[in-house]
Amino acid sequence: KLGQSKYFLLIGVNHYSSLSDMHADRTDLLWINKPSRPDPITTCPDASKFGTGKFTDLRNEDGSIAFTPVPAIQIDPSRRGWVVASSDIECPDICGSGTQLTVFEVKPKVKHPKIANLGPPHTMTVGTYMTPPNAPQMGTTKVLDTLDGRLEHAVSAIDPRTGLNMIWTAHSVAGGAGAQENWYEVQPTPKDSPSIFQSGTVKDNNLYVFNGAMSPDRTVNPSGTAHGSAFIMGFTTSSSNSFPAIQMVSKIGNGALSGFVVVKQSATSGGVICQPSIGCRWGDYGGATPDPASSLSAQTGDVWLTNEWTNGQDQTWNWQATP
């Protein structure tokens with residue numbers, strides 16, 4: 001998973017010692033420092049001059065594996081970057097339940113600002129979640145991999161309701177017709193005591209909901225900043241009576257979550273690299289980030305999203321939406 005802060009590119013890794021391993025034996029965080037200059041960069045910097053490093057074996061506060069570390073995509077520039085992870089409930093072969101979300105802080109070392117420093121884990125307890133079953137599709141026995149309870153995406157930005165940098169993240173877990181998306185807005189500070197500012201579920205009693213990505217509508221550009229209290233989530237739905245579809249929901253401030261909005265309907269079933277115990281891969285991950293070109297005077301900002309659909313060949317669909 002790729003994210004970034006003002007000073008670093010950050011890559012979260014699940015490490016498997018062999019292709020036959022059914023669950024990760026550790027997780028790592030890689031960092032690459034970014035060139036820092038007061039003037040615009042007009043030519044590609046010399047890659048040999050970039051600093052790099054790796055933090056190995058990330059753990060939750062209780063010592064368990066911090067599964068799928070997801071660096072947040074930072075919208076409001078800050079020396080503090082954030083990484084979120086969860087309980088390891090890979091299925092197969094662990095297939096248990098989890099209650100943990102863990103936050104790590106990444107920032108420059110005080111005396112060596114081009115080197116990243118990883119803070120200790122700070123774990124929050126959330127509602128119990130379990131690995132969702134794979135999603136059926138109409139007209140085929142092929143099922144789509146709904147992943148294994150891992151966090152799928154993360155964005156950090158200032159929410160004007162708190163005035164603080166927050167983290168928006170979500171994962172597909174067991175619920176609804178089989179799979180639902182649990183979403184969280186995390187307040188990572190104070191760093192030794194992060195908390196859940198708000199959370200909820202995106203579900204349907206007749207549809208599996210998976211492959212989600214959410215983003216606030218925060219607008220940050222050279223002219224100023226605005227918005228950030230609304231969000232949009234894009235996701236895939238599927239069932240034994242329907243082909244996969246890209247859908248979305250939104251939420252403005254303290255208002256209610258919207259109903260489902262169909263973005264792109266697949267014309268048939270899909271999925272590639274099918275394995276009996278895992279299912280068929282489905283685009284791997286959705287994406288979502290706010291549009292920096294949104295009008296600062298508009299009621300809300302805009303969000304760009306990415307997800308998967310198929311017309312016989314699995315394809316990526318990109319779209320812009322307003323909460």
Side-chain angles (χ1 to χ4, degrees), residues 1 14 16 19-24 64-65 67-68 70 85-101 126-153 169-184 199-214 233-249 257 260 262-266 268-287 307-310 314:
K1 300 298 186 75
N14 287 332
Y16 297 82
L19 290 174
S20 62
D21 281 1
M22 299 305 293
H23 65 268
S64 60
I65 290 177
F67 186 49
T68 311
V70 183
S86 63
S87 303
D88 187 359
I89 57 170
E90 291 173 272
C91 195
D93 58 348
I94 297 173
C95 302
S97 61
T99 59
Q100 299 186 106
L101 292 184
V126 297
T128 301
Y129 52 83
M130 299 179 66
T131 297
N134 291 326
Q137 310 174 78
M138 186 168 65
T140 181
T141 58
K142 291 167 59 175
V143 292
L144 299 177
D145 182 11
T146 55
L147 301 173
D148 41 25
R150 68 183 65 191
L151 298 174
E152 299 155 323
H153 182 73
T169 190
H171 54 172
S172 184
V173 299
Q180 68 181 32
E181 286 280 337
N182 284 5
W183 62 266
Y184 314 90
S199 63
T201 61
V202 177
K203 64 181 180 179
D204 186 281
N205 290 333
N206 299 306
L207 295 170
Y208 283 59
V209 178
F210 57 102
N211 195 31
M214 67 185 300
M233 176 189 283
F235 48 88
T236 300
T237 61
S238 184
S239 76
S240 58
N241 297 313
S242 63
F243 295 130
I246 300 172
Q247 303 208 49
M248 65 179 178
V249 295
L257 192 71
F260 286 20
V262 177
V263 176
K264 187 69 175 178
Q265 175 66 59
S266 295
T268 184
S269 58
V272 297
I273 315 178
C274 301
Q275 301 180 51
S277 61
I278 298 176
C280 303
R281 296 182 71 155
W282 180 246
D284 283 342
Y285 303 107
N307 212 287
E308 184 87 355
W309 73 292
T310 186
D314 295 356

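In what follows, residues are counted from 1 in the order of the sequence shown. Bear in mind the structure is a predicted one, so any value in this text is a computation, not a measurement.
Between the side chains of T169 and W183, no donor N or O sits under 3.5 Å from an acceptor N or O. If you check the side chains of T201 and N182, you find no donor sitting under 3.5 Å from an acceptor.
A donor-acceptor pair under 3.5 Å is formed between the side chain of K1 and the backbone N or O of E152. Remark: side-chain polar atoms of Q265 are paired, donor with acceptor, to backbone N or O of P244 under 3.5 angstrom. Side-chain atoms of N134 come within 3.5 Å of backbone atoms of I278 as a donor-acceptor pair (strictly under, hydrogens ignored). Here the side chain of T140 pairs no donor or acceptor atom with the backbone of Q137 at under 3.5 angstrom.
Minimum heavy-atom separation, T268 to F243: C-CD2, 3.3 Å. Taking both residues in full, the closest heavy atoms of P132 and G149 are given as CD-N, 4.0 Å, listed atom of the first, atom of the second, then distance.
The shortest side-chain heavy-atom distance between M248 and M233 does not fall under the 4.5 Å cut-off. The shortest distance between side-chain heavy atoms of T131 and C95 does not fall below 4.5 Å.
By the side-chain hydrogen bond (donor to acceptor under 3.5 Å, both in side chains) test, Q247 is found to be paired with T237, residues two or more places apart in sequence or in another chain being considered.
With ring centers used as reference points, H23 lies 6.0 Å or more from Y16. Separation of the H171 and Y129 ring centroids falls under the 6.0 Å cut-off.
Note that CG of N241 and OG of S239 are 5.0 Å apart. Values are rounded to the nearest 0.5 Å.
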Kindly list each side-chain donor-acceptor pair under 3.5 angstrom involving residues 205-214, sequence neighbours excluded, with atom names and distances?
unit_1: N211; atom_1: OD1; unit_2: G286; atom_2: N; d: 3.0
unit_1: N211; atom_1: ND2; unit_2: N307; atom_2: OD1; d: 3.1

